[in-house]
Amino acid sequence: PPMNRADELPRVVHVYLDEPGGGPVHVALLREVLGDAVRSEAVGLNPRLLGLSPVGWILAWREIARRMGSETAILHAHGVRAAAAIVLPARRSRVPLLVTVHGLHALRRSRGPSALAARAINRFAFKSADRVLVTSEADRQLILERRLAAQDRVHRIHPVHRPQAQMVRSEARQIFGLGDEVDVLLWLGRMAEEKDPITFIRALKTVEGNHWIGLLVGDGPLFRELRILAEAAGLLPRIRLTGWMQDPSPAFAASDVFVSTSKWEGFPMAALEAAAAGLPLVLTDCPGNRDVVASGIPAVLVPPG
């Protein structure tokens with residue numbers, strides 16, 4: 001039935017890790033698209049809380065319980081660690097738990113004992129969820145192959161996507177101190193192992209001539225290492241390390257080619273945004289990136305590394 005009062009609308013609490021990457025962007029776009037259809041609130045958890053110490057997890061549980069209130073209709077976790085953090089509050093309050101996976105990073109990255117731990121936490125999160133949503137076919141298959149969740153609970157979705165605002169190329173280049181004469185090679189994302197930005201630095205060392213600039217947009221645990229590697233290779237004059245940009249539209253407008261060096265992806269939002277901006281794509285042939293090509297977006301696929 002139609003509901004006219006705002007306080008009668010279902011209330012959804014989105015929980016995510018407050019760190020650079022596609023998760024927070026997806027949450028913001030999802031809330032925007034849903035608009036007035038629901039009441040929604042976003043809870044960003046400090047990722048440092050969700051480590052080996054139980055104290056951090058307890059603090060996260062308390063924060064989620066405090067923000068839930070008594071009117072929450074759905075708890076929506078974005079990512080596996082966020083899901084694990086809200087299982088207990090969801091079960092105690094008997095609130096349905098929805099989990100959206102933005103790439104099975106720990107499951108793909110871990111080896112040895114840490115792989116067993118990663119599988120255990122993924123299984124715990126997914127088996128506790130009422131529905132598991134994935135953005136790539138590769139992630140759906142991996143969850144089913146490893147029996148981390150029942151098949152009827154795992155569904156593939158298309159990520160929320162909004163093309164970036166268009167900018168005039170010359171104005172965008174002025175922001176980064178770039179002239180019209182150079183070719184700009186763009187790398188954009190979270191600077192972490194799964195994105196493998198170090199390979200982008202290695203690739204830039206092989207580019208001939210001096211008519212190009214490597215533009216690296218993002219932040220993450222590898223940021224300082226990338227700068228050190230670039231300096232050691234004598235590349236600092238040829239690259240721009242911008243840090244995290246809340247609005248990356250100037251980077252797309254200023255660039256000529258978009259490059260992804262990822263080892264794996266969920267469904268790469270940056271590649272979608274780059275394609276919408278009209279950039280040719282050079283992507284690694286990995287889970288997630290293959291879904292971009294399968295969806296009809298042309299790209300050059302190269303082996304990871």
Side-chain angles (χ1 to χ4, degrees), residues 6 9-50 59-61 63-69 71-87 89-90 93 95-106 122 125-126 128-136 139-140 154-165 188-192 194-195 217-220 244-249 265-273 276 288 291:
L9 294 174
R11 183 170 183 266
V12 179
V13 176
H14 299 275
V15 182
Y16 63 96
L17 298 189
D18 190 9
E19 60 185 0
V25 174
H26 180 90
V27 171
L29 288 175
L30 185 58
R31 294 180 71 196
E32 181 181 317
V33 169
L34 290 173
D36 296 333
V38 298
R39 288 181 296 155
S40 66
E41 182 174 354
V43 179
L45 297 177
N46 184 343
R48 295 180 180 178
L49 292 178
L50 307 181
L59 291 174
W61 292 334
E63 174 65 11
I64 294 161
R66 183 182 70 82
R67 300 283 289 273
M68 279 178 60
E71 301 176 346
T72 300
I74 294 175
L75 271 173
H76 188 171
H78 297 265
V80 175
R81 278 198 293 166
I86 68 176
V87 167
S93 303
V95 174
L97 174 58
L98 181 67
V99 178
T100 293
V101 178
H102 298 278
L104 295 167
H105 303 315
N122 276 266
F126 296 153
S128 301
D130 295 279
R131 291 291 186 274
V132 177
L133 308 181
V134 297
T135 57
S136 78
D139 283 352
R140 190 183 77 86
V154 184
H155 303 272
R156 186 182 172 194
I157 61 167
H158 292 284
V160 180
H161 172 237
R162 180 182 62 191
Q164 296 291 329
L188 185 150
R190 183 168 182 266
M191 293 175 172
E194 63 271 11
K195 305 290 185 180
V217 178
D219 201 353
W244 179 254
M245 295 180 67
Q246 189 64 33
D247 176 13
S249 55
E265 287 277 359
F267 195 99
M269 296 294 293
L272 282 182
E273 293 170 346
D291 289 283

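Counted within 6.0 Å of CZ on R67, heavy atoms from surrounding residues, nucleotides or ligands total more than 12; the atom is thus considered enclosed. Around atom CG of D247, more than 12 heavy atoms belonging to other residues, nucleotides or ligands sit under 6.0 Å away.
Nearest approach of A270 to L188, heavy atoms of both residues: CB-CD2, 3.7 Å. Here the closest heavy-atom approach between residue V80 and residue N122 is recorded as CG2-OD1, 3.2 Å. Nearest heavy-atom pair across R11 and V13 is NH1-CG2, 3.6 Å. Of all the heavy atoms in A84 and A125, the pair that sits closest is N-CB, 4.2 Å. Of all the heavy atoms in L45 and A85, the pair that sits closest is CD1-CB, 3.9 Å. Here the closest heavy-atom approach between residue P47 and residue L17 is recorded as CB-CD1, 4.3 Å.
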Intermediate values then yes/no, side chain to side chain donor-acceptor pair (under 3.5 Å), T100 and H76: CA-CA 7 Å; T100 293; H76 188 171; 2.7 Å; yes
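Taking 4.0 Å as the cut-off between side-chain N and carboxylate O, D291 and R140 do not count as a salt-bridged pair. Salt bridge E41/R31: absent, no basic N to carboxylate O contact under 4.0 Å.
With hydrogens and angles disregarded, a donor-acceptor distance shorter than 3.5 Å links the side chain of R81 to the backbone of L50. W61 contributes no side-chain N or O that, together with a main-chain N or O of I86, makes up a donor-acceptor pair within less than 3.5 Å. At least one donor-acceptor pair closer than 3.5 Å links the side chain of R39 to the backbone N or O of L9.
A side chain to side chain contact (heavy atoms under 4.5 Å, CB included) with D139 holds for exactly one of V132, V134, L133; it is V134.
Here the CG atom belonging to L49 is positioned 9.5 Å from the CD atom belonging to E63, to the nearest 0.5 angstrom. Taken from CZ in R156 to OG1 in T135, the straight-line distance is 7.5 Å, to the nearest 0.5 Å. Interatomic distance, L104 CG to S136 OG, rounded to the nearest 0.5 Å: 7.5 Å. The distance from atom NE2 of H78 to atom NE2 of H102, rounded to the nearest 0.5 Å, is 5.5 Å. The line from CH2 of W244 to CG of D219 is 8.5 Å long, rounded to the nearest 0.5 Å.
For residues 15-28, the pairs satisfying side chain to side chain donor-acceptor pair (under 3.5 Å) are E19-R190, with sequence neighbours left out.
With contacts defined as side-chain heavy-atom distances shorter than 4.5 Å, the pair V154/F126 does not qualify. Here the side chains of K195 and E265 are in contact, with some heavy-atom distance below 4.5 Å.
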